[in-house]
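Reviewing the structure listed below.
We name chains A, B, ... by the order of the sequence lines, and we start the count at 1 in each one.
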Amino acid sequence: MSYWVTLILKISIPFVLIFSLVPFLVWLERKGSAYIQDRPGPNRAAILGLRLGGLLHPLADVIKLIFKENIMPARAHRFFYILAPGLALFVASITYLVIPFAEPTLINNELFYFQGAHLNIGILYILALSSLGVYALLLAGWSSNNKFALLGGLRSASQMISYELSLGLALISLIMWTGSLAINDIIVSQTHLPWHWNFIFDPIAFLVFFIAVFAETNRTPFDLPEGESELVAGYHVEYSSLKFAMFFMAEYVHIIIASALMAALFFGGWQIPFVSSSFLREHCSSFVFFGLIFTACFLLLLGIILITNNKKIHYKDLRDFESVIMGVFLLLLGLSCLVYVLLFGKAPLSDNAVIWITAFLQGCVFLFKILVFCWIFIWVRWTLPRMRYDQLMKLGWKILLPLSMANIIVTAIRMIITNG
Amino acid sequence: MADYLFYIFSFITVLTVLLMIFQKNPLASALLLILGFFSLAALYILLHAPFIAALQILVYAGAIMVLFVFVIMLLNLKKTVSPPDTGWIKKTLIFLVGSVLFLFFVFAFFCIPETLFPAVSEGFGSPEKIGELLFSKYIIAFELIDILLLAGIVGAVLLGKKET
């Protein structure tokens, strides 16, 4: 019985986490792009006067998309037209299952893996699913019965299959060195010291993977298929309402998965830098103690700053008191942390609590790394111009592919010289 | 449990492939074939070969069929017009030859001894085992396939070169 319960929890908790990170990422993109372009970004949508710095805008987007007219183009192929966004979202929804969020630990004398599916072919599963994502774009472009959509779909598909090769080959040198396809083994082999992480160890693989994953997610500078000035949004031009929302969501989930892969394979995943898991488990209570004091101070400071932020009263409704409300909320959170610390201090925690707190901290570090890479995705999008199609293909086939193949040979020579 | 899964997935494979043959729309055939590859990959997993299952989806359904679908989309084939009806002589001949082949197959199936399939070893189907086998026992076949692929690549590059 508890096997099924843990399985359902292991599958649903990362799912909920990733899919609630999507609106946050939409907000981050709009605010981030705004500040890069020296403007304030969306800050108007509000509930009962609370604007929350524009965090409600993704909710407004979703509501708008739900209520738009659901168009079926006149001579579109119905079945494929409806299948394409579903396929895109399906592929995006099941990729996260092999990504571990914390170190596998012994619970009740049984190794408990913090990932949905413990396959011994981890990375291959993700690569297989990303080659299925190509079909969603192809079908969307073709079934819309629109020349621009067809061109966009074909371009996007050819771009994705070209960069898939470099992606796989870049990962092969990493897999050769670690000796296993499972992502967990790759994370464990990069120890907790940041100079052992794979981005220093194999920088060419990191570079090739970084560039190829931008092309895989159809993200600038490789977003010619959805180029708004050339192809009128490419393969999803004939989609409206919820089907477009599904493509939109699938793209952001792909960004999150790509960031998670980069963090896991090259930056140590759930490893907290300079803190190994055994060290964390031994000194867990002091970690909790100092961590709570730190968060309490931070929250109290933020709360006090927000409360004393005097603005002129010119709205004459709840919006004037927004900073006060948020400040009070943060103040209460900080006070509760402080109360816990004062009550319990450095009391030793039970074994079970230690395991779950370690897992929680490692998961938080992993989430932080994912968010850093998502920010890098957004940053690059609004900095670099788009590449032309032939430049893109040349980069993929003539530069990245030979580079990754040479990297495999170099890694093999390194392995022979240092005896594995 | 594994038995039920085997029956379900083999049923799906046979059904999709049969449906694929009778489609009028070529793109629907291609997509049904991809579905067939999926259930085939599931059968591979049931046979304790997850590596081959993943490679089936990655290479066959994910790369080769993409190129097929590309060609179908670019050629923009209309729905096929069915050819004129064949006479009853041809139809009976086809039926007889087909049933003879089918009977051969059934007969061969019942001739397989049970001792031909021993139980699998411990690390069967894992990437390490496959790598070991590829580079020790089947190395010649591996290298010959490499040369075949190289010939294919050289041919493709030659065909795609512009006439200067």
Side-chain angles (χ1 to χ4, degrees), chain A residues 77-80 83-84 87 90-91 98 117-145 147 149-151 153-162 164-165 167-168 172 175-176 178-182 185 235 397-398 401, chain B residues 19 23-35 37-38 40-42 44-45 48-79 122-132 135 153 156-157 160 162:
Chain A
H77 300 82
R78 289 191 81 111
F79 182 66
F80 302 132
L83 179 68
L87 188 60
F90 169 70
V91 163
V98 293
H118 177 61
L119 306 170
N120 64 347
I121 47 154
I123 294 187
L124 219 52
Y125 171 80
I126 296 185
L127 286 177
L129 285 178
S130 66
S131 30
L132 284 184
V134 179
Y135 284 112
L137 306 180
L138 269 176
L139 287 175
W142 185 77
S143 61
S144 305
N145 199 24
K147 289 185 180 52
L150 181 66
L151 274 180
L154 287 176
R155 270 192 192 176
S156 167
S158 56
Q159 165 190 316
M160 279 180 86
I161 58 178
S162 322
E164 242 167 48
L165 280 173
L167 196 78
I172 283 184
I175 295 170
M176 263 176 23
T178 319
S180 163
L181 280 168
D185 294 345
Y235 59 89
W397 289 98
K398 288 197 192 169
L401 193 65
Chain B
L19 277 178
Q23 290 294 322
K24 291 215 176 74
N25 190 355
L27 197 63
S29 311
L31 287 181
L32 281 169
L33 189 60
I34 294 166
L35 207 59
F37 285 147
F38 251 102
L40 206 58
Y44 280 133
I45 294 180
H48 290 279
F51 187 69
I52 301 189
L55 280 181
Q56 166 98 353
I57 299 181
L58 185 68
V59 172
Y60 225 140
I64 297 181
M65 290 308 296
V66 166
L67 293 176
F68 267 72
V69 169
F70 249 94
V71 168
I72 293 177
M73 284 182 180
L74 282 172
L75 285 183
N76 193 25
L77 299 165
K78 304 280 181 284
K79 288 190 191 230
E122 183 50 47
F124 181 80
S126 64
E128 293 92 1
K129 264 292 166 61
I130 295 184
E132 263 181 46
F135 282 98
I153 293 175
V157 169
K162 279 206 257 270

Ignoring hydrogens and angles, tell me if any N or O in the side chain of Ser158(A) forms a donor-acceptor pair with the backbone of Arg155(A) under 3.5 Å. yes
Check whether Leu129(A) gets within reach of chain B through its side chain, its backbone, both or neither, counting any heavy atom under 4.5 Å. neither
Sort out for me which of Leu27(B), Ile57(B), Leu31(B) touches chain A most, counting heavy-atom pairs under 4.5 Å. Leu27(B)
Out of curiosity, Leu40(B) CG to Ile45(B) CD1, how far, rounded to the nearest 0.5 Å? 11.0 Å
Ala41(B), part contacting chain A, at a heavy-atom distance under 4.5 Å: neither
If one checks every heavy atom of Val66(B) against chain A at 4.5 Å, the contacting part turns out to be both
Indicate the ring-plane relationship of Phe80(A) and Trp142(A), choosing parallel, tilted or perpendicular according to the 30° and 60° boundaries. tilted
Using a 4.5 angstrom heavy-atom cutoff, name the option from Leu181(A), Leu124(A), Leu119(A) with the most pairs to chain B. Leu124(A)
Interatomic spacing from CZ in Phe90(A) to CG in Leu83(A) - rounded to 0.5 Å: 11.0 Å
Spacing of Ser143(A) atom OG and Leu138(A) atom CG [to the nearest 0.5 Å]: 10.5 Å
Report the distance from atom CD1 of Ile64(B) to atom CD1 of Ile34(B), rounding to the nearest 0.5 Å. 11.5 Å
Does any heavy atom of chain A fall under 4.5 Å from the side chain of Pro50(B), the backbone, both, or neither of them? both
Under a 4.5 Å heavy-atom cut-off, does chain A meet the side chain of Gln56(B), its backbone, both or neither? neither
Name the member of Ile161(A), Val134(A), Leu127(A), Leu132(A) that forms the most heavy-atom pairs with chain B at distances under 4.5 Å. Leu132(A)
